[in-house]
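All remarks here apply to the structure that follows.
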Amino acid sequence: MFFTASSWNIDEVSKIIPVSSALSFEKVQSSLLSVDDLFLMPVLGDEMMTVAQGIFERDEQQRSDLEKMILRQLQVATLNLAFWYDFQELNLRITDQGFQRQTTDNFTSAYKYQEDALKRGFRNKGLNALDSILEILEQHTGDFPKYTHSPAYTDMRKRVVQKAKEVNEVCYIHNSQLIFRRLIPILKELEDTNLPIILGSRLNDQLKKAIQKNRTSEQVGDTTYEELRLRCVAYLSLKACAQLVRQTGSLTDRGLYFISVASSGENNEVREPADGEAAVRLASTMEQSAAAYSASLTSFIEYYIPDLFTGHDADVLKRDNDHKRTFWA
């Protein structure tokens, strides 16, 4: 946990979330612990969490600028996600007489729309901070080698699509590590089912072995396994994004929304969830692009790796009917 009772400084906390000076550490302690267990540990892993805890426990003068940046983002993520996840519990007081809503003489309870806006803000800020942490660690693995043992790093390093940046280059996902993690199960399924059909079993097995043994720089035909991998990345990324849109209607944690202007009201900007047809259209566009990349990948193999080329999809309909009685009608 990146806050303690002894280090709880309400002025510093207010720089992250403008809370009341009366907010005590004991009030939010259990919520902060929940964030560690539910959000940070599954992504960063035990070893990287130990490193991060060590950064927090050191004196500020002993922290590098990079460590200060990571600690800041960890505290932003922890606080915001704690207030979002335990929003109702922090609004209530549990006593021997049951659950009671806390009020004061000077302030009344927030309206429902204000509470909803607060929760969205806490969630978005917390997840964005967690995303920033992963991006910083991804760029500085030499400074934080323990990160390479974390689930966020190891989940896809032995797979064809390995980084959020690779997906982002063909399908914009805000370069988000969290959205990339949503795509991981789909990417794994596509890699195990669709890719062997396109590459052929032999070439697919060779590519997998090269990736697992970290030998993608080796030659295959007139190209390298790394160049072949990158060609596969484009197809798999678009196909996975299309499937995610079909399943959830979204490519972000905020959802797929349209913004319109209301005819009246104080807030004339209205955000409405996209309907099913919009999600289908977006997925269809991605599917078409994925099909084009699939055809390009097949042509790439035909030209550069002819010995392992298994043919185009359209070739299955071709047949030599010379001197035969059967024909395609």
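For this chain, numbers begin at 1 and follow the sequence in order.
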Stepwise side-chain contact (heavy atoms from CB on, under 4.5 Å) check, Phe3 with Gln75: CA-CA 8 Å; Phe3 294 94; Gln75 291 179 326; 3.6 Å; yes

Residues Thr154, Thr148; criterion side-chain contact (heavy atoms from CB on, under 4.5 Å); working and verdict: CA-CA 7 Å; Thr154 59; Thr148 59; 5.9 Å; no

side-chain contact (heavy atoms from CB on, under 4.5 Å) evaluation trace for Phe180 with Lys165: CA-CA 9 Å; Phe180 177 64; Lys165 183 180 179 181; over 6 Å; no

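Two rings, from Trp8 and Phe25, have their centers less than 6.0 Å apart.
Counting heavy-atom neighbours within 6.0 Å of Lys209 NZ, excluding the residue itself, gives a total of 12 or less. No more than 12 heavy atoms of other residues, nucleotides or ligands lie within 6.0 Å of OH in Tyr293, so this atom counts as exposed by the packing criterion.
Below 30°, between 30° and 60°, or above 60°: for Phe39 and Tyr85 the angle between ring planes is above 60°, a perpendicular geometry.
A distance-only check finds a donor-acceptor pair linking the side chain of Ser150 to the backbone of Tyr147 [under 3.5 Å]. Counting only distance, with no hydrogens or angles, the side chain of Arg231 and the backbone of Phe300 share no donor-acceptor pair below 3.5 Å.
The shortest distance between side-chain heavy atoms of Ile55 and Lys68 does not fall below 4.5 Å.
Shortest non-hydrogen contact noted between Ile179 and Ile173 is CD1-O, 3.3 Å.
Using a cutoff of 4.0 Å between basic side-chain nitrogens and carboxylate oxygens, Glu226 and Arg229 are scored as salt-bridged. Using a cutoff of 4.0 Å between basic side-chain nitrogens and carboxylate oxygens, Arg58 and Glu67 are scored as salt-bridged. We find that Glu191 and Lys188 are not joined by a salt bridge, their nearest charged nitrogen and carboxylate oxygen being 4.0 Å or further apart. A salt bridge links Asp192 and Lys208; the closest N-O separation between the charged side-chain nitrogens and carboxylate oxygens is under 4.0 Å.
Geometric assessment of Arg157 against the ring of Tyr153 yields a positive cation-pi assignment under the 6.0 Å and 45° thresholds.
Judged purely by distance below 3.5 Å, without hydrogens or angles, the side chains of Tyr235 and Asn194 pair a donor atom with an acceptor atom.
Linking Ile, Leu, Val, Met, Phe, Trp and Tyr residues whenever their side-chain heavy atoms come within less than 4.5 Å leaves Leu230 and Ile211 in two separate clusters.
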